[in-house]
Every structure is written in C-alpha cells, then in structure tokens.
Amino acid sequence: MVDLKMLEVLRQDGRISIAALAQQVGISRANAYTRLEALRTGGVISRFTVQIDPVRTGLGICALIFVTVRQQMWPQFRAQLSLMPEVEYCAITTGQHDAMIQVRAVDVAAVHRLVSERLAGIPAVKATETVLILDEVIRRPFVLPSDCVPAKVETEPGPGPVALGRMRFIRADAGRAKLKDLP
C-alpha cells in the first residue's frame with residue numbers, strides 16, 4: 001500500500017525529493033529511499049522521463065493508424081516500424097486489424113505521407129485505416145490498481161411499488177426470500 005501511494009505521488013511529480021516524497025507518504029526518508037530503490041530494481045519503475053505538450057512543440061496532429069499485417073512478415077513490420085521516429089506508440093491488437101500505431105505530426109499532409117508512402121511501402125503491410133484524433137480528453141502517464149474502481153453494483157430498491165412501464169411490481173418482504181421451494 002505504501003508503494004502504491006509513492007507511485008501516486010511520483011505520477012504527479014517525478015522529480016520530487018526523497019524528503020518530500022517521504023513526508024507526503026508518511027514514512028521516513030530512509031524508508032522512502034529503500035522502497036524507491038526496490039521499485040526501480042524490481043522493474044516496477046522502469047525509468048524517469050518528461051511528459052511534454054506535443055502541440056506546443058509543433059506536433060499538433062495526432063492520428064491512430066490501424067494496420068493489417070501479412071502474418072508471415074511480422075519481424076519485417078516491427079523492424080521497419082522502429083525506424084519511424086514519429087511513431088509514439090504501437091500495440092498488437094485483436095479484432096479487424098493486427099496493430100494500432102499512434103503518430104504525431106506537424107500537419108495532416110505529414111500523416112498522409114507517412115501512411116501512403118512509408119507504411120504502404122512496407123511489404124509486410126497489407127492494409128491501413130487512419131483516424132485523426134480531434135481532442136485528447138484524458139492522457140495519463142500510467143494507471144495504478146487503486147485507479148481501477150470496481151463497477152458500482154446497483155442495489156435493488158427498497159420495499160414498495162416499483163414502476164415498470166405500465167405495470168407495478170410490489171417486492172416481497174425480506175422474510176419471504178428465505179423460504180425454500182417446496183416439492
């Protein structure tokens with residue numbers, strides 16, 4: 001639980017000092033340092049990086065490119081994709097397409113050139129479908145288990161009539177629910 005709380009604090013400020021981290025989590029500096037090192041050496045924290053605003057750096061266009069790959073040519077596809085610096089993210093997917101690529105570009109023409117000239121030129125690529133992202137509503141650096149709240153289960157309404165369209169349903173009292181079916 002303490003490690004997750006540390007990760008929550010680091011998500012907001014990855015450059016926080018050990019002393020400030022320890023204070024926010026409510027542990028000693030030595031404990032915070034030891035736990036942070038354990039998270040790093042254990043692979044939970046793989047690196048520290050900077051999150052930028054792509055629009056302010058001149059990359060105002062973001063697109064998702066769904067790719068259908070010739071199945072026997074995955075190694076070639078992966079090798080060619082790694083040579084494209086505008087590819088921000090790639091995931092192998094299920095469904096109609098085999099992969100989803102997220103790219104950043106200066107303008108739509110640059111996305112078009114990437115898709116029509118470079119991606120289409122890879123023999124491993126069978127087909128593509130491009131979707132321009134109009135607005136990035138949520139962009140988190142990472143999600144923690146504590147962020148994944150289970151879906152709220154609706155409780156049944158209390159005793160009394162419940163309107164169901166043109167019918168009325170009157171719930172049996174709690175005592176009747178305990179009765180077993182008789183043969």
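Only heavy atoms go into these numbers, but all of them, side chains included; no hydrogens, no water, no symmetry mates.
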> Quick one: CD1 on Ile18 to CZ on Arg35, what's the gap to the nearest 0.5 Å?
12.5 Å
> Quick one: does any side-chain atom of Ser46 pair with a main-chain N or O of Gly43 as donor and acceptor, under 3.5 Å?
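Side chain of Ser46 to backbone of Gly43, a donor-acceptor pair under 3.5 Å: no, none is there.
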> Tell me whether Ile52 is reachable from Tyr89 by hopping between hydrophobic residues (I, L, V, M, F, W, Y) whose side-chain heavy atoms are closer than 4.5 Å.
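Shared cluster, no.
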> Side chains of Leu119 and Leu81: does their closest heavy-atom pair fall under 4.5 Å?
yes
> If you apply the rule side chain to side chain contact (heavy atoms under 4.5 Å, CB included), what do you find for Val103 with Cys62, and how did you get there?
CA-CA 6 Å; Val103 298; Cys62 184; over 6 Å; no
> Does Arg11 reach the main-chain N or O of Phe142 with its side chain, forming a donor-acceptor pair under 3.5 Å?
yes
> Sort and list the pairs that fulfil ring pair (Phe, Tyr, Trp, His ring centres under 6.0 Å) and have at least one residue in residues 48-77, not counting sequence neighbours.
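Residue pairs passing ring pair (Phe, Tyr, Trp, His ring centres under 6.0 Å), neighbours aside: Phe66-His97, Trp74-Phe77.
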> With a cutoff of under 4.5 Å between side-chain heavy atoms, which Ile, Leu, Val, Met, Phe, Trp and Tyr residues group with Ile138?
Val137
> Under 3.5 Å, side chain of Gln71 to main-chain N/O of Val69, donor-acceptor pair present?
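Present.
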> Is it the case that one hydrophobic cluster holds both Val125 and Val131, taking links as side-chain heavy atoms less than 4.5 Å apart, direct or via other members?
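No, separate clusters.
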> Less than 4.5 Å apart, any side-chain heavy atom of Ile27 and any of Lys5?
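Of all side-chain heavy-atom pairs linking Lys5 with Ile27, none is under 4.5 Å.
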> Is Met84 linked to Ile101 within one hydrophobic cluster, defined over Ile, Leu, Val, Met, Phe, Trp and Tyr using a side-chain heavy-atom separation of less than 4.5 Å?
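In one cluster with Met84: Ile101, yes.
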> Just wondering, more than 12 heavy atoms not from Gln23 lying within 6.0 Å of its CD?
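No - once you tally the heavy atoms of other residues, nucleotides and ligands closer than 6.0 Å, there are 12 at most.
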> Report yes if some heavy atom in the side chain of Arg139 is under 4.5 Å from a heavy atom in the side chain of Pro54; otherwise report no.
yes
> Check Gly60 against Val55 and note the closest heavy-atom contact, atom names and distance.
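Closest approach of Gly60 to Val55, heavy atoms only: CA-CG2, 4.2 Å.
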> What pair of heavy atoms forms the shortest contact from Val111 to Ala105, and how long is it?
CG2-CB, 3.6 Å
> Are the side chains of Ile65 and Leu114 in touch, meaning some heavy atoms are under 4.5 Å apart?
yes
> Closest approach of Leu83 and Ala79, non-hydrogen atoms and distance?
CG-O, 3.5 Å
> Of all the heavy-atom pairs spanning Ile133 and Glu136, show the shortest one and how long it is.
CG2-CG, 3.9 Å
> If Ile, Leu, Val, Met, Phe, Trp and Tyr residues are connected whenever their side-chain heavy atoms lie under 4.5 Å apart, and connections chain through other members, are Val2 and Tyr33 in the same group?
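Yes.
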> Leu21 and Leu7: same hydrophobic cluster, using ILVMFWY side-chain contacts below 4.5 Å?
yes
> Measure the shortest side-chain to side-chain distance between Val87 and Gln102 over non-hydrogen atoms and say whether it is less than 4.5 angstrom.
no
> Please report the closest heavy-atom contact between Leu4 and Leu144, naming both atoms and the distance.
O-CD1, 3.9 Å
> Assess whether side chain to side chain contact (heavy atoms under 4.5 Å, CB included) is satisfied between Val25 and Asn31, documenting all intermediate values.
CA-CA 10 Å; Val25 176; Asn31 192 359; over 6 Å; no
> Search all heavy atoms of Arg70 against all heavy atoms of Pro123 and return the closest pair with its distance.
NH1-O, 2.9 Å
> Out of curiosity, Met6 CE to Leu36 CG, how far, rounded to the nearest 0.5 Å?
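Rounded to the nearest 0.5 Å, the CE-CG separation comes out at 5.0 Å.
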> Check the pair Arg113 / Glu86 against salt bridge (charged side-chain N to carboxylate O under 4.0 Å, His left out), numbers first and verdict last.
CA-CA 12 Å; Arg113 282 190 304 277; Glu86 54 274 90; over 6 Å; no
> If you define the side chain from C-beta out and look only at heavy atoms, does anything of Leu39 sit under 4.5 Å from Asp3?
yes
> Do the side chains of Met73 and Gln80 get nearer than 4.5 Å, heavy atoms only?
no
> Could you give me the CA-CA distance, side-chain angles and deciding distance for Ile61 and Val106, then say whether side chain to side chain contact (heavy atoms under 4.5 Å, CB included) is met?
CA-CA 6 Å; Ile61 301 295; Val106 175; over 6 Å; no
> Quick one, Arg78 and Ile92 - any side-chain contact, counting heavy atoms below 4.5 Å?
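A side-chain contact under 4.5 Å exists here.
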